[in-house]
Amino acid sequence: MRGISNSITTKMSSLTLPTKVRLIRHQSLVQILKETLSDAKTVLFLEEDLALSALLLPVIEEYRGQGKLVWIKEISLVLTPKAILQALSALDAFNADQFLVIGNDAALDLAKAVSLVLPWIKKTNSEEALFKKMTELGHQEHIQRVTLKAVLTTSQCGSALMGWVRVLDEATQTLIVLEHPDLAFDDALIFMDESVSLSPSQLLTSGMKALSQAADAYWSTSATPVIRHLSLNAIRKIVTTLPILLKKTDHHEAREQMMIGSLMAAFAISNTRLSAATSTGLIINALTGMDPGLAGVLILPELLRHNLGSIQNPESLYEAFNIDNPEGLMSWIETNAQGLASTKLSDYAVESEDLNRLSMKIEDLGALKNNTVALTADHLTAILKRHL
């Protein structure tokens, strides 16, 4: 693994990497939790089911009894001002040294959001005021916050590296995506223990999410040769290993290569800007419940066709995706999703009259302008219509 780690470092020498990433082997989650907590006062973001399955409850209760730990275990799939305020109320007067996340994207986003507003939150308990303040804070040059640490598995290893967080105002159905480099985690431990079981559906959606991130980074208006190199390598690894993992979820080598591919995708997109596929996934997930990775990857074939005349070295993209045309990519997506998740928007209660509203919400995020070829809400509506 040392050779792989060194090669990643070399390829990323000209990128900004705010997160310190370490690979952890031959340790249990119990050992990692004890070492990470040490003497620091910690807010732990961890769903109760994972705490039970990983046998973490005795450690959690020990540190809670010493007054060194607050446990946030209620984590909603979609981040809202209400969820943020609920988490903050659990902190009360607890003066944390660090936030520690063991879990999925939802837990990571919640920790980011709470860290963002924590220095200010005592001034309000209003969801509307919180939503407004978060928008203001996202425009500051520097964000003051506690140390953010994450323990990640192969299913979501890239999420902690992203310098953004999304929040949905349920009252107005408005989604904001705050982009700021200080929202990336300080430390990420990539947990490579085989005891962590990942379902085929988890592997599918996390792989598709990384694939859409890698593609968005490749054809971003701010992409560089280094970013494109990373993106292509990420795509190759994901396309090669995901089908293997869906047939054999405990395939060690494939899991490791998927983790590295996801990590490369995360590094690539965190050095560009939120773009079409990723923002589409965020909006559709927030408003329909469809997984963001699957929602984002659905439009990749059409984006590939749309961008083909302007992207550098399109042949390398075809080679990385292992396809001859954009239709081949859609076939690959549908084949891998078969029996695990629907690729039809209509199965998530999306109707034809909803498409323009969804597209306008995506355009309002301002991310479509980061696509290498001009892309409008009308273009996106036409694309989404093919997936009803």
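Positions are given from 1, in the same order as the sequence printed here. Only this structure's heavy atoms are used, side chains among them; waters, hydrogens and symmetry mates stay out.
Among residues two or more places apart in sequence or in another chain, the side-chain hydrogen bond (donor to acceptor under 3.5 Å, both in side chains) test is passed with N370 by none. With sequence neighbours left out, the ring-ring contact (aromatic ring centres under 6.0 Å, His included) criterion links H180 to no other residue. With sequence neighbours left out, the side-chain hydrogen bond (donor to acceptor under 3.5 Å, both in side chains) criterion links D182 to H142.
The shortest heavy-atom contact between T280 and A295 is CG2-O, 4.2 Å. The two residues S352 and L388 come nearest to each other via the heavy atoms CA-CD1, 3.9 Å. Closest approach of L298 and T343 over heavy atoms only: CD1-O, 3.5 Å.
Using a 4.5 Å heavy-atom cutoff, the side chains of E47 and N104 are in contact. At a threshold of 4.5 Å between non-hydrogen side-chain atoms, the residues L246 and L204 count as touching. With a 4.5 Å cut-off on side-chain heavy atoms, V114 and L88 count as touching. Taking the side chain as every heavy atom from C-beta outward, T80 and V167 never approach each other to under 4.5 Å. The shortest side-chain heavy-atom distance between L69 and V43 does not fall under the 4.5 Å cut-off.
L57 is connected to V59 through a chain of hydrophobic side-chain contacts under 4.5 Å among Ile, Leu, Val, Met, Phe, Trp and Tyr, so both are in one cluster. Linking ILVMFWY side-chain heavy atoms closer than 4.5 Å, directly or via other members, places I260 and I244 in two distinct hydrophobic clusters. V373 and I311 end up in different hydrophobic clusters when Ile, Leu, Val, Met, Phe, Trp and Tyr side chains are linked at under 4.5 Å. Linking ILVMFWY side-chain heavy atoms closer than 4.5 Å, directly or via other members, places L308 and W332 in a single hydrophobic cluster.
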Inset, instruction - Begin with the C-alpha distance, continue with both residues' side-chain angles, and end with the deciding distance and a verdict on salt bridge (Lys or Arg N to Asp or Glu O under 4.0 Å) for E327 and R305. - result: CA-CA 9 Å; E327 290 75 16; R305 184 182 293 106; 2.4 Å; yes
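Here the straight-line distance linking atom CD1 of I84 with atom NZ of K112 works out to 12.5 Å at 0.5 Å rounding. Rounded to the nearest 0.5 Å, atoms CD1 (I235) and OG1 (T240) are 11.0 Å apart.
Other residues, nucleotides and ligands place no more than 12 heavy atoms under 6.0 Å from the CD atom of E253. Taking a 6.0 Å sphere around CD of Q338, one finds it holds 12 or fewer heavy atoms contributed by other residues, nucleotides or ligands.
Remark: the backbone N or O of H229 is not paired with any side-chain donor or acceptor of S231 at under 3.5 angstrom. Distance alone, capped at 3.5 Å, is enough to place a donor-acceptor pair between the S53 side chain and the D49 backbone. The backbone N or O of V165 lies less than 3.5 Å from no partner atom in the side chain of D109, so there is not a single donor-acceptor pair.
Using a 4.0 Å cut-off between charged nitrogen and carboxylate oxygen, E61 and R64 count as a salt-bridge pair. Classification of R236 and E319 as a salt-bridged pair holds, one side-chain N sitting under 4.0 Å from a carboxylate O.
A donor and an acceptor atom, one from each side chain of T372 and N307, are nowhere located under 3.5 Å apart. With no hydrogens or angles considered, no side-chain donor-acceptor pair links S38 and Y63 at under 3.5 Å.
A cation-pi arrangement is absent between K149 and F185, since the terminal nitrogen or guanidinium carbon is not both under 6.0 Å from the aromatic centre and inside a 45° cone about the axis.
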